[in-house]
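Below is one structure, written out as structure tokens; the observations come after it.
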Number of protein chains: 2
Amino acid sequence: MTQTPRPLDTHLLAHDRVYRHLRSRIMYGDLAPGQALTLRGIGKEFAVSMTPAREAVRRLAAEGALTMSASGRVSTPALSNERIEELAALRALIEVELASRAMPRAHYALIDRLQTINNAVSEAVAHRDAVSYIRSNLEFHRTLYLRAQAPAMLAMAETVWLQLGPTMRALYGRLRRTEPPHFHKLIIAALRAGDEPGLRLAVRTDVTQGLRMLAT
Amino acid sequence: MTQTPRPLDTHLLAHDRVYRHLRSRIMYGDLAPGQALTLRGIGKEFAVSMTPAREAVRRLAAEGALTMSASGRVSTPALSNERIEELAALRALIEVELASRAMPRAHYALIDRLQTINNAVSEAVAHRDAVSYIRSNLEFHRTLYLRAQAPAMLAMAETVWLQLGPTMRALYGRLRRTEPPHFHKLIIAALRAGDEPGLRLAVRTDVTQGLRMLAT
DNA sequence: ATCCGCCCTTTGTGATCACATCTTGGCTTA
DNA sequence: TAAGCCAAGATGTGATCACAAAGGGCGGAT
């Protein structure tokens, strides 16, 4: 037996399966900043050899979702405050543009879906569930931006989210807020009103404010 | 001999060396859009096995510099017009911000260096040397943006350049212009004058105009 | 008690190989 | 002549292994 028969839990290639699982964990804050990973550990967890584990890790490293030390050690990134502010500025830049492009195509059904997702966000906040909060919050944004029909821009935005994943977990983990997300309501209101400057401001603020409070 | 003794032409790891060479080729337009590559071919060219060749290729694919077909075939991307315009918009968005952040720190020595680089750009245009043109043009932009002290943003911009590399080659290859770059002069003039709105406009125009003329 | 050095374990790297799949070129057949 | 098919070569995937180097922990010296 030189070849593993295929786990059958998916039709995907091994390295892609590993990549998706790890990516999801990182983006949604399952991993804390500075968390160390090993290729053999990943391989064992997903029942694959080191080869696909390495490919998945290198791909994530290329996207900034993981950092590799000079000796090849892999860990989740621990971002400096400057880097966090820079990534927040990038989010603002790209996501404001995406929202602006999505607005002309945002019909009632979309706004309704955003409303529904936002309820999930509120619930996650109420339960102080950081992972659910991050996941539903990003789903809110992604749902809106999908309408922009700008896949390259959306990919860029997701790359930034990925880089901020572990940091967002650390940030929202120590959050003690219970209020539902105010700026999401502003976004929805601006969409309803067809108020483009208002939408831009609401998105920029929503994206920026969360990250701003950890500049300590 | 199970292990190759190390080519000695560099102290870098094999996969990194392959990655850098290929990245440079792609970014500076050595490869035409749609150009096919094979792992064994890359491995033979750089005297490494398929393993580091695959890592380099996957990394470049993650950055959008290469595309992989469903069967894993690797080729340089052939971009649609929509994708090109989107990437141009992304360039404008990010690079305007970078230029704006660089301006307060742009002292005389920097402007002088930009001037020098721009002479190289003019020379490349005069010789109709597409690769030299792309290389010096990007060096002009990178030199300016380096002053912004925003590594994450610069990395994003470079990723976009990478994705546009083969397309820029195809574009400028059929260019018949001989005039030196007008908008670079505007950028330098705006920097000298401390004219921030003028700088933003000049960068936006410079970045956008080149890609715009291939929307055929 | 603390710091330094050494050894063993852990870990990443890259070569090689078996295998499955895709591609392609030529041949056959209608 | 053209369309279809088969076989052989080409190509990507993932497992395994040998090796080098980095880390960690333990013991001894001061």
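Reckoned from all heavy atoms, side chains included, excluding hydrogens, waters and symmetry mates. Throughout, protein chains are lettered first and strands after them, A, B, ... in sequence-line order, and every chain is numbered starting at 1.
Residue B:R58 has a polar side-chain atom (N or O) positioned under 4.0 Å from OP1 or OP2 of D:dT13. A close approach under 4.0 Å does occur between a side-chain nitrogen or oxygen of B:S49 and OP1 or OP2 of C:dA15.
Separating the CZ atom of B:R40 from the C1' atom of D:dG12 is a distance of 7 Å, rounded to the nearest angstrom. Atom pair A:M68:CE and D:dA22:C1' shows a separation of 14 Å (rounding to whole Å applied). The distance from atom CZ of A:R59 to atom C1' of D:dT13 is 15 Å, rounded to the nearest whole Å. Rounded to whole Å, the distance from CG on B:L66 to C1' on D:dG12 is 15 Å. We find that CE of A:M50 is positioned 16 Å from P of D:dA20, with the value rounded to whole Å. Protein atom OH of A:Y19 is 15 Å distant from nucleotide atom P of D:dG14, rounded to whole Å. Computed from coordinates, the A:H15 NE2 to D:dG12 P distance equals 12 Å when rounded to whole Å. Rounded to an integer number of Å, the gap from CG of A:L39 to P of D:dA15 is 13 Å.
B:R58 and A:H15 share a side-chain donor-acceptor pair at under 3.5 Å. Looking at A:E123 and A:Y133, their side chains never bring a donor and an acceptor atom within 3.5 Å of each other. Defined by atom type and a distance below 3.5 Å, a donor-acceptor pair is present between the side-chain atoms of B:E63 and B:Y19.
Backbone-only engagement by B:T38 is indicated by non-hydrogen atom pairs under 4.0 Å involving sugar-phosphate atoms exclusively. When heavy atoms are screened at a 4.0 angstrom cut-off, B:L37 is found touching the sugar-phosphate backbone but no base atom. Residue-level contact check: A:S71 touches the backbone only, with heavy atoms under 4.0 Å from sugar-phosphate atoms and none from bases.
Checking C:dT13, C:dC22, D:dG12 against every side-chain atom of A:R54, the shortest atom distance belongs to C:dT13. Taking every side-chain heavy atom of B:R73 into account, C:dC22 is the closest of C:dG14, D:dA15, C:dC22.
Using a 4.0 Å cut-off between a side-chain N of Lys or Arg and a carboxylate O of Asp or Glu, A:R59 and A:E55 do not qualify as a salt bridge.
Looking at heavy atoms from C-beta onward, A:N118 lies out of side-chain contact with A:L114 at the 4.5 angstrom threshold.
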